[in-house]
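Before any comments, here is the structure.
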There are 2 protein chains.
Amino acid sequence: MSKINILDSPLDIKNCPVRNVLDRFGDKWSLLVLLILGKKETLRFNEINKEIGSDISQKMLTVTLRTLEADGFLKRTMYAEIPPRVEYTITDLGKSVFPLIDKLEKWAKLNMPAIEKSRKKFK
Amino acid sequence: MSKINILDSPLDIKNCPVRNVLDRFGDKWSLLVLLILGKKETLRFNEINKEIGSDISQKMLTVTLRTLEADGFLKRTMYAEIPPRVEYTITDLGKSVFPLIDKLEKWAKLNMPAIEKSRKKFK
DNA sequence: CAGGATCCACTACGATACTG
DNA sequence: CAGTATCGTAGTGGATCCTG
């Protein structure tokens with residue numbers, strides 16, 4: 001298996017944690033859902049949908065939630081009611097990444113203008 | 001333009017900084033290149049290529065570097081020599097995100113086992 | 001209400017070949 | 001050395017319709 005060497009911390013490129021974990025965040029909605037759930041703790045499907053603003057398709061919200069659940073970032077609880085109620089709650093693992101993502105969000109907000117400017121200049 | 005409300009911080013979903021900025025990091029190689037360049041400061045094209053371990057195609061490395069340059073994360077300097085020499089240097093903007101990405105990397109390393117375990121249990 | 005099932009478009013990415 | 005150009009593919013995400 002190929003290795004790369006970033007200074008003194010060798011990374012396995014195939015099994016690289018950064019790649020493996022952050023690739024999940026690399027999709028279109030995961031980070032946003034985690035941000036929302038990190039702030040609200042528990043939400044229902046349609047509540048998350050509303051928070052995002054229905055720019056997201058039902059399918060993708062479902063897929064995103066399933067993936068985050070599989071990774072252990074949130075817990076899905078179904079109540080056997082009619083109509084059905086499903087609640088999504090952030091887990092301890094989710095809570096532990098949240099501050100990092102939150103900082104990234106703040107960084108993004110702060111530096112967005114500089115990036116926009118750079119992009120325009122580059123054209 | 002649609003708005004969403006994450007607690008007290010309203011986000012413009014279309015022009016959302018998180019989405020706009022972090023979508024760039026969502027690709028396959030940007031984070032890795034930023035990590036490498038953040039630690040080495042200045043590298044040549046082929047040096048970056050070697051660090052990644054040639055799992056990346058020349059084309060994608062070029063595209064990734066161009067995008068990071070356009071966003072202002074790194075500076076590209078071409079020397080009119082034969083054979084040509086091109087150096088990529090991390091900018092102040094790049095340096096300012098680096099710690100965040102570095103923390104994400106450390107988090108990923110630390111929590112990868114828990115995530116793997118969760119994924120297996122979910123199947 | 002919270003989804004599952006389909007179909008389809010786009011594009012990110014890789015492989016290969018060529019060049020100033 | 002550091003790319004560009006071209007082609008081909010797989011996967012991501014959207015739109016729509018259907019259901020316990």
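It should be emphasised that the depicted structure is a prediction, and the values quoted were computed from it without experimental measurement. Any value given below was found using the heavy atoms of this structure, including those in side chains, with hydrogens, waters and symmetry copies removed. Quick note on labels: first sequence line is chain A, next is B, and so on, each numbered from 1.
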Are B/E47 and B/K40 ion-paired here, with the side-chain N under 4.0 Å from a carboxylate O? no
Between A/R76 and C/dG3, does any side-chain N or O lie under 4.0 Å from OP1 or OP2? yes
Contacts of type salt bridge (charged side-chain N to carboxylate O under 4.0 Å, His left out), residue A/K75, not counting sequence neighbours: none
Kindly write out the residues that satisfy salt bridge (charged side-chain N to carboxylate O under 4.0 Å, His left out) with B/D71, not counting sequence neighbours, or none if the list is empty. A/R119, B/R24
Value in whole Å for how far the P atom of D/dC1 lies from CE of B/M78: 15 Å
For residues 85-97 of chain B, which residue pairs qualify under side chain to side chain donor-acceptor pair (under 3.5 Å), counting only residues two or more places apart or in two chains? A/W107-B/S96, B/T42-B/T89, B/R76-B/Y88, B/Y79-B/E87, B/E81-B/R85, B/R85-B/E87
Measuring from atom CD1 of B/I52 to atom CD1 of B/I48, what distance do you get when rounded to the nearest 0.5 angstrom? 7.0 Å
For the backbone of B/S30 and the side chain of B/D27, can you confirm whether one donor and one acceptor N or O come within less than 3.5 Å of each other? yes
Measure CG/B/L65 against P/D/dA2 and give the value in whole Å, please. 11 Å
Would you say the side chain of A/L37 lies within less than 4.5 Å of the side chain of A/F73, judging by non-hydrogen atoms? no
What is the separation between atom CZ on A/F45 and atom P on C/dG3, rounded to the nearest whole Å? 5 Å
Return the set of residues passing salt bridge (charged side-chain N to carboxylate O under 4.0 Å, His left out) with A/K106 (not counting sequence neighbours), or none when no residue passes. A/D102
To the nearest angstrom, the CD-P distance between A/E87 and C/dC1 comes to 15 Å
Return the value, rounded to whole Å, for the distance between atom CG of A/D23 and atom C1' of D/dA10. 15 Å
Can you tell me if the side-chain N/O atoms of B/Y88 get under 4.0 Å from OP1 or OP2 in D/dG3? yes
Whole-Å distance between C/dA2 C1' and A/L61 CG? 10 Å
If only side-chain N and O atoms of A/R85 are considered, is one of them under 4.0 Å from the OP1 or OP2 phosphate oxygen of C/dA2? no
Rounded to 10°, the angle between the first-five-pair and last-five-pair axes of the helix from C/dC1-D/dG20 to C/dG20-D/dC1 is 60°
Please check: side-chain N/O of B/S118 versus main-chain N/O of A/G72, any donor-acceptor pairing under 3.5 Å? yes
Could you state the CD1-P distance from A/I52 to D/dG14, rounded to the nearest angstrom? 10 Å
Summarise how protein sits on nucleotides 5-20 of chain C as a single string, 5' to 3': B when a protein heavy atom is under 4.0 Å from the base, S for sugar-phosphate-only contact, - for no contact. -BB-----BBB----B
